[in-house]
Structure formats: structure tokens, C-alpha cells
Amino acid sequence: METNALKSHELEPAPKPSNRVNRLSFVWWLLALVVGVVTGAVGTVMHLNSYWTGSFGLPWGVLLALGIAALGQWWTALASATMLAPGITGITQYTTLAVMSGLVPGEQFGVPISAQTWALVPHLVIATVLWHLGVIVLTLVTVASTKRQLHRMQVVE
């Protein structure tokens with residue numbers, strides 16, 4: 001009887017932590033790529049929209065484009081609970097931007113950054129620069145914020 005009583009008080013070994021957090025499954029890779037392509041394409045199309053006041057333009061499209069890109073990155077980060085997902089989404093967004101700007105003939109998805117375009121349509125030059133650099137900065141900020149959020153939730157060790 002005594003041995004059973006002693007055995008009942010012994011501690012069982014703790015279960016091993018799941019490696020789900022440390023790896024990104026194929027489905028999440030694919031989903032991050034799809035979200036990156038879609039949000040990158042929508043952002044690239046939208047970023048040059050502006051409201052012309054007569055003397056100058058207000059580039060509202062770049063704000064919408066960065067908002068869409070941020071939502072795509074945050075969604076993949078929080079849904080997958082890994083830091084890698086928003087990084088993949090951001091890299092895919094920038095790759096989509098580069099492909100759309102470079103492979104499509106003409107200037108449909110960007111304006112040349114030159115003295116002439118700066119003199120004629122400075123708001124479009126600003127929108128192009130903000131979109132190109134904004135995706136990179138947004139990706140870095142989202143990955144860092146995701147890491148902090150996951151540590152706060154104690155998902156990452």
C-alpha cells in the first residue's frame with residue numbers, strides 16, 4: 001500500500017513543447033505567398049491614386065496601399081503565430097511590386113524619379129518612393145512587432 005501512495009505523489013514528466021511555433025508548414029508558406037502577391041498587386045495598382053486640388057496633389061493611394069500591405073502582413077503573422085510569415089508576405093509584396101513595375105511596358109505602375117517628374121507631379125514621385133521604401137520598412141516593423149507580441153503571449157521561447 002505504501003508504495004502505491006508514494007507513486008501517486010511522484011511528478012509525471014512535463015509534456016514536450018510543440019514545435020509548431022518554430023516551423024512554418026507548407027500551407028502557411030503558400031498562404032503567405034498568396035497574400036503577398038494579392039496585397040502587393042493591389043497596393044502597386046493603388047499607390048498612384050491621388051486627389052488633385054488644382055495646384056498640388058494629395059497622394060491618398062499610397063496610404064491605402066501601405067494599409068493593405070500592413071493588414072496582409074499582420075494577418076499572416078497572427079494567424080500562423082510565427083515571425084517568418086510576415087517576412088515571407090513582405091518579401092512577396094516587394095517582389096510583386098518589382099515584377100509589376102519592371103516587366104510591364106510603360107509607366108502604369110510607377111513614375112520615373114527624375115527632375116522633370118518632380119517638377120510636374122511631385123506627389124506621384126513621393127507616392128512612388130513611399131510605396132517602394134514603405135513595404136521594406138513595414139516588413140521590418142511587422143516582423144519585430146510580431147516577435148514582441150509572440151513573446152508577450154509566451155508562444156516563442
Side-chain angles (χ1 to χ4, degrees), residues 14-53 56-115 117-118 120-157:
K16 293 183 180 179
S18 170
N19 283 339
R20 180 187 173 278
V21 176
N22 296 330
R23 60 184 158 86
L24 193 60
S25 71
F26 175 74
V27 174
W28 283 111
W29 272 86
L30 188 60
L31 192 58
L33 289 171
V34 169
V35 169
V37 167
V38 170
T39 56
V42 169
T44 301
V45 169
M46 292 299 299
H47 85 280
L48 289 178
N49 285 311
S50 60
Y51 176 73
W52 190 257
T53 63
F56 62 93
L58 299 172
W60 61 268
V62 71
L63 299 176
L64 180 63
L66 288 171
I68 289 169
L71 287 174
Q73 289 181 21
W74 270 110
W75 183 81
T76 57
L78 297 178
S80 68
T82 101
M83 296 179 338
L84 191 56
I88 292 169
T89 304
I91 290 168
T92 307
Q93 288 169 342
Y94 196 79
T95 303
T96 303
L97 154 70
V99 167
M100 288 178 73
S101 297
L103 293 182
V104 176
E107 299 293 334
Q108 288 105 0
F109 300 118
V111 294
I113 300 172
S114 66
T117 55
W118 180 255
L120 296 174
V121 284
H123 63 286
L124 296 182
V125 174
I126 292 169
T128 299
V129 170
L130 285 177
W131 176 235
H132 285 251
L133 295 178
V135 172
I136 297 169
V137 171
L138 179 67
T139 303
L140 295 174
V141 168
T142 305
V143 168
S145 299
T146 302
K147 180 180 180 180
R148 187 174 17 166
Q149 183 68 24
L150 292 175
H151 275 293
R152 191 174 300 147
M153 294 172 19
Q154 297 182 358
V155 174
V156 176
E157 295 178 12

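No experiment lies behind these values; they were computed from the predicted model shown.
- Using a 4.5 Å heavy-atom cutoff, the side chains of L58 and T53 are in contact.
- Closest heavy-atom contact between G43 and W131: C-CZ2, 3.5 Å.
- Nearest heavy atom pair, residue I88 against residue A32, reads CG2-CB, 3.7 Å.
- Between the side chain of H47 and the backbone N or O of T44 there is at least one donor-acceptor pair closer than 3.5 Å.
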Pair up each side-chain donor or acceptor in residues 120-129 with any protein partner under 3.5 Å, not counting sequence neighbours, and list the distances.
from : atom 1 : to   : atom 2 : distance (Å)
H123 : NE2    : S50  : OG     : 3.3
T128 : OG1    : L124 : O      : 2.9

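- Remark: T92 pairs with no residue by the side chain to side chain donor-acceptor pair (under 3.5 Å) rule, at least two apart or across chains.
- Taking both residues in full, the closest heavy atoms of P86 and T146 are given as CG-OG1, 3.9 Å, listed atom of the first, atom of the second, then distance.
- For the atom pair Y94 OH and S101 OG, the distance stands at 8.5 Å (nearest 0.5 Å).
- Q93 is not listed as a side-chain neighbour of L97, based on a closest heavy-atom distance of 4.5 Å or more.
- Of all heavy-atom pairs between T82 and L84, the closest is OG1-N, 3.0 Å.
- For P59 against G57, the heavy-atom pair with the smallest separation is CD-O, 3.5 Å.
- The two residues T96 and A41 have their closest heavy-atom pair at CG2-N, 3.6 Å.
- Put simply, CG on L138 and CH2 on W74 are 10.0 Å apart, with the number rounded to the nearest 0.5 Å.
- When the options V135, V141, L140 are evaluated for a side chain to side chain contact (heavy atoms under 4.5 Å, CB included) with V137, the one that passes is V141.
- Separation of atoms OG1 (T39) and CG (L66) is listed at 11.0 Å; rounding is to 0.5 Å.
- Residue pairs meeting the side-chain hydrogen bond (donor to acceptor under 3.5 Å, both in side chains) criterion with at least one partner in residues 133-142, sequence neighbours excluded, are Q73-T139, Q73-T142.
- Taking the six-membered ring where tryptophan is involved, the planes of W75 and W28 are tilted, since the angle between them lies from 30° to 60°.
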